[in-house]
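Scroll down for the structure; my scribbles are underneath it.
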Amino acid sequence: MEQRYYQKEIETMPVEEIKKLQSQKLVKQVQHVWDHVPYYRALMEEKGVTPADIHGIEDLYKLPFLSKADLRDAYPYGLLGKPLKDCVRIQSTSGTTGRRVVAFYTQHDVDLWEDCCARAIVAAGGSEEDVVQVAYGYGLFTGGAGMHGGSHKVGSLTLPMSSGNTERQIQFMQDLSATILCCTPSYAAYIGETLKEQGYTPDQIPLKAGIFGAEPWTEEMRRGIEKTLGIKAYDIYGLTETSGPGVAFECCEQTGMHINEDHFLAEIIDPDTGEVLPEGSKGELVFTSLDKEAFPLLRYRTRDICVLSRKKCSCGRTLIKMAKPMGRSDDMMIIRGVNVFPSQIEAVLLKEGYEPNYQIVVDRVGNNDTFDVNVEMNPDKFTDTVSGITEQERALANAMKIMLGINPKVHLVAPKSIVCSEGKAVRVIDKRKLHD
Ligand code: DLL
């Protein structure tokens, strides 16, 4: 397939030039923050750094980190880099993890964000010939707004569906021949299951591609969605603090997401010591927004754990790639002393032929952690005998034990009885936190 780009000059720029561009932008951005964000200026002063110390990206390490705690302290206006009269938009987090982040945008910021989303859509094969169904939530959440703006920039026909009302999603998809679906992977899987139940086969679904992100998903889940919907499924990453979706996006190679490095400078650090780690190391992703005006976060700690790579990509893009985040460092549960990520449970379910519809419930009784996993029954494996169900639960618990090293109690529950995932799925209920 011929490679198409939205902004070819940037997307395929030689690495040395990108670094030069980043250095120029960083110097300017540090001065902007120093002049307009007293909160961050105080952090710099505390560390004894001034803009005069920052000559390029090689000096980035001298700057202080920003964390979620800083965002809370500075809420709502403490990190603003422009007067409110110059801002045209706010967006906010969905709040599934209980944190609330409010981000501000000037028109320039909205523009660069939408460009990033447009790059993702073109990388997934989108053009003005396409019909893009945006089934991320609209409103405060960045998913709907970002992909909507990106789709307009590409010139695609945009269906602003928002999430939910699956019957209507399917009707519009069929009647208007949507070719690209944008939503969370869990909602894509749900739409796929519903289409299958309604008797559609993949060749009767007009879609050719999907751009799915906003939550962790596994390779197995990707393959499942690709099969049911008959599409190629592309990953997309972003967070409200840095603008929203489009910070990084996948190309046809599907081996990680290209970071839009002309706008976002990425580092990987050791989450415990803050030490910057060399390329290829696993650690916490940190972003510096190089040219956002209204919410110009420097060295923002995302809590997402992943790996960066500059390996040459067959798509021709030179932008550095990030691997799929393997869960947030704050998603990780410690159960009976063992580190458990929800993505590990999901991988087991898909391998064993179940849909990734599950919920983990952790609690503490006396000094012992309890670990229960509710899993929706697979209609293809349906059995109504108690011994049949017990056998399936035992087999699943065993497979999870092999993956995790600890034994969960698995409960099979009726299909579609676990909260329908129209937005981000709620995978973990940790009741231990209620007792603390
Ligand atoms: O989820 C922005 C977004 C919207 C991204 C639509 C992609 C598509 P927040 O609600 O602020 O913003 O959540 C950001 O979600 O720190 C990651 O932990 C997680 N996340 C986002 N994309 C991915 C992904 C949006 N592709 C947080 N894979 C981030 C894994 C992801 N985790």
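Remember, it's a predicted structure, so these values are computed and weren't measured experimentally. Only this structure's heavy atoms are used, side chains among them; waters, hydrogens and symmetry mates stay out.
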Could you tell me whether Glu284 and Arg301 have a side-chain N and a carboxylate O separated by less than 4.0 Å? yes
Do the side-chain N and O atoms of Thr142 and Gln91 include a donor-acceptor pair separated by under 3.5 angstrom? no
Side chain to side chain contact (heavy atoms under 4.5 Å, CB included) evaluation trace for Met400 with Phe371: CA-CA 11 Å; Met400 287 180 196; Phe371 176 23; 5.8 Å; no
Considering only heavy atoms from C-beta outward, does the side chain of Leu297 approach that of Thr242 to under 4.5 Å? no
Minimal non-hydrogen separation, Phe141 against Ala214, with atom names: CZ-CB, 4.0 Å
Rounded to the nearest 0.5 angstrom, the CD1-CE distance for Ile18 and Met13 is 6.5 Å
Flag the pair Ile345 / Leu404 as yes when at least one side-chain heavy-atom distance between them is below 4.5 Å, and no otherwise. yes
All heavy atoms of Leu412 vs all of Met377, minimum pair found to be CB-CE, 4.1 Å
Is the closest side-chain heavy-atom distance between Glu11 and His258 below 4.5 Å? no
Side-chain donor or acceptor of Gln29 paired with backbone N/O of Lys292 under 3.5 Å: yes
Parallel, tilted or perpendicular for Tyr138 and His148, by the 30°/60° rule? perpendicular
Using 0.5 Å steps for rounding, measure from the CD atom of Glu346 to the OG1 atom of Thr218. 4.0 Å
If the plane angle is over 60° it's perpendicular, under 30° parallel, otherwise tilted; pick one for His36 and His32. tilted
Looking at side-chain heavy atoms only, is the closest gap between Leu195 and Thr228 below 4.5 Å? no
Between Arg41 and Glu45 (salt bridge meaning N to carboxylate O under 4.0 Å), is one present in this structure? yes
Under a plain distance cut-off of 3.5 Å, with no hydrogens placed, do Gln169 and Tyr190 share a side-chain donor-acceptor pair? no
Whether Phe264 and Phe287 hold their rings parallel, tilted or perpendicular, with breakpoints at 30° and 60°: perpendicular
Which one of Val373, Leu396, Asp372 satisfies the side-chain contact (heavy atoms from CB on, under 4.5 Å) criterion with His411? Asp372
Measure from NZ or CZ of Arg119 to the centre of the six-membered ring of Tyr5 and say whether it is under 6.0 Å with the direction within 45° of the ring axis. no
For Gly213 and Tyr136, which heavy atoms make the closest approach, and how far apart are they? N-OH, 2.9 Å
Once you measure the plane-to-plane angle for Trp217 and Phe212, does it fall in the parallel (<30°), tilted (30-60°) or perpendicular (>60°) bin? perpendicular
Show your reasoning for whether side chain to side chain contact (heavy atoms under 4.5 Å, CB included) applies to His263 and Lys25. CA-CA 9 Å; His263 300 304; Lys25 287 189 178 190; 3.9 Å; yes
Going from CD1 on Ile54 to CG on Leu63, what distance comes out if it is rounded to the nearest 0.5 angstrom? 4.0 Å
Measure the spacing between CG of Leu308 and NZ of Lys282 and express it to the nearest 0.5 Å. 13.5 Å
Between the side chains of Lys208 and Asp130, is the shortest nitrogen-to-carboxylate-oxygen separation below 4.0 Å, so that they form an ion pair? yes
Restricting to non-hydrogen atoms, name the atom on Val247 and the atom on Gly244 that form the minimum distance, rounded to 0.1 Å. CG2-O, 3.6 Å
Do Met333 and Pro342 have side chains that approach each other closer than 4.5 Å (heavy atoms only, starting at C-beta)? yes
Where is the tightest heavy-atom contact between Cys315 and Cys251, given as atom of each residue plus distance? SG-SG, 3.6 Å
Taking side chain as C-beta onward, heavy atoms only, is Leu350 less than 4.5 Å from Pro356? yes
Are there over 12 heavy-atom neighbours, none belonging to Lys47, within less than 6.0 Å of that residue's NZ? yes
Would you mind reporting whether Leu207 and Ile180 have side-chain heavy atoms less than 4.5 Å apart? no
Could you state the interatomic distance from CD (Gln133) to CD1 (Ile191), rounded to the nearest 0.5 Å? 6.5 Å
Quick one: does Phe249's side chain get under 4.5 Å of Ile211's, heavy atoms only? no
With a 4.0 Å cut-off on N to O distance, would you call Lys28 and Asp291 a salt bridge? no
Could you tell me whether Glu253 and Lys321 have a side-chain N and a carboxylate O separated by less than 4.0 Å? yes
Dump the intermediate steps for side chain to side chain contact (heavy atoms under 4.5 Å, CB included) on Tyr358 and Val348, then the final yes or no. CA-CA 11 Å; Tyr358 65 97; Val348 172; over 6 Å; no
Polar contact flag, side-chain donor to acceptor under 3.5 angstrom, Gln254-Glu226: yes
Spacing of CG belonging to Leu71 relative to CD belonging to Glu241, to within rounding of 0.5 Å: 6.0 Å
Stepwise side chain to side chain contact (heavy atoms under 4.5 Å, CB included) check, Tyr237 with Glu250: CA-CA 9 Å; Tyr237 170 89; Glu250 222 171 28; over 6 Å; no
